[in-house]
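Just below is one structure, and these are the notes that go with it.
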Amino acid sequence: GRDPSATFVLENSSGSHPPSTVPSPVIIPPTPTVSPPAHSDVSHNGGIWQLGDYKLAVVNSIKCQYSYGAAHVTLIVNGPTGKNWIIVQDVQVDTGAFESMLPAGAITKLGVSLESGKKVDFSGVTGSDIGWEHNVRIGVILLGGGEDVDGYILGTNGQPFLFTIPIIFYGKQEDNSASKLLGRTGVLSYLSLLFGERMLTITVRSD
């Protein structure tokens, strides 16, 4: 089995490191839960990128199935320090939400103090709450079997597409049950989202 505590490096199949905008990540590999896109969705002129024991093919689009009545994605998240990466699964795509939100424990896993962000007071279904906003870099991935790769990473021209958005981290740091939402702010500036009856297709905006 794969060691969930291992250190992972994101690199291309030739062994050379990606551009300086992609730091070496430290992540926890999740158990694949979603089927990969069909082979026709893979960009044939794209590269193969290594994420620990996983080989990820750069793709022009990623298709995510619905679960619990909503579309969910898997993200790689890079903290403000630029050093560490984590994988966050089951993030609900909610274009009705203005902000993106993740559990507080996610930012601390990146080696960043929760309170070093911008304090935000907000109200939710459970009442008022306090969160801390951090600007983080994210990318969209899809893990699952598929021919000679273990998963896919959204990108263009053979390069993974990583972009920076504000995310509010909230809740108890030891509790990972807080809602995980990917809202509108920043996201719709970079990605095109096509909602189907049972599938969400994500592509990088070309305009």
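None of these values were measured; they are calculated from a predicted model.
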List the steps, then state whether side chain to side chain contact (heavy atoms under 4.5 Å, CB included) holds for V187 with I165. CA-CA 7 Å; V187 174; I165 63 170; 3.9 Å; yes

Do [X] and [Y] have side chains that approach each other closer than 4.5 Å (heavy atoms only, starting at C-beta)?
{"X": "I87", "Y": "L75", "result": "no"}
{"X": "Q89", "Y": "H72", "result": "no"}
{"X": "V88", "Y": "K180", "result": "yes"}
{"X": "V73", "Y": "L142", "result": "no"}

Among all residues two or more places apart in sequence or in another chain, which pass the ring pair (Phe, Tyr, Trp, His ring centres under 6.0 Å) test with Y190?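 For Y190, the residues satisfying ring pair (Phe, Tyr, Trp, His ring centres under 6.0 Å) (neighbours in sequence not counted) are F163.
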
Once you round to the nearest 0.5 Å, how far does [atom1] of [X] lie from [atom2] of [Y]?
{"X": "L102", "Y": "Y170", "atom1": "CG", "atom2": "OH", "value": "8.5 Å"}
{"X": "S179", "Y": "D94", "atom1": "OG", "atom2": "CG", "value": "10.0 Å"}
{"X": "M101", "Y": "L182", "atom1": "CE", "atom2": "CG", "value": "12.5 Å"}
{"X": "L191", "Y": "L154", "atom1": "CG", "atom2": "CG", "value": "6.5 Å"}
{"X": "L110", "Y": "F169", "atom1": "CG", "atom2": "CZ", "value": "6.5 Å"}

Which atom pair, heavy atoms only, marks the closest approach of [X] to [Y]?
{"X": "V58", "Y": "G155", "answer": "CG1-CA, 3.8 Å"}
{"X": "G171", "Y": "A104", "answer": "O-CB, 3.3 Å"}
{"X": "H134", "Y": "G117", "answer": "CE1-N, 3.2 Å"}
{"X": "V112", "Y": "S116", "answer": "CG1-OG, 3.6 Å"}
{"X": "T185", "Y": "P166", "answer": "CG2-CG, 3.8 Å"}
{"X": "I62", "Y": "C64", "answer": "CG2-SG, 3.8 Å"}

Evaluation steps, side chain to side chain contact (heavy atoms under 4.5 Å, CB included), between V120 and I130: CA-CA 6 Å; V120 178; I130 296 175; over 6 Å; no

Name the one of L181, I168, I167 that satisfies side chain to side chain contact (heavy atoms under 4.5 Å, CB included) with E99?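 That would be I168.
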
Go through I153 and I76 one step at a time and tell me if the side chain to side chain contact (heavy atoms under 4.5 Å, CB included) criterion holds. CA-CA 9 Å; I153 181 167; I76 53 172; 4.1 Å; yes

Shared ILVMFWY cluster between F98 and W132, side chains joined below 4.5 angstrom?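 F98 and W132: separate clusters.
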
Working for side chain to side chain contact (heavy atoms under 4.5 Å, CB included), residues V136 and I107: CA-CA 9 Å; V136 296; I107 195 70; 4.2 Å; yes

Could you pull out all donor-acceptor pairs under 3.5 Å where a side-chain atom in residues 193-206 meets a protein atom, sequence neighbours excluded?
from: R205; atom 1: NE; to: D207; atom 2: OD1; distance (Å): 3.0
from: R205; atom 1: NH2; to: D207; atom 2: OD1; distance (Å): 3.1
from: R205; atom 1: NH2; to: D207; atom 2: OD2; distance (Å): 2.8

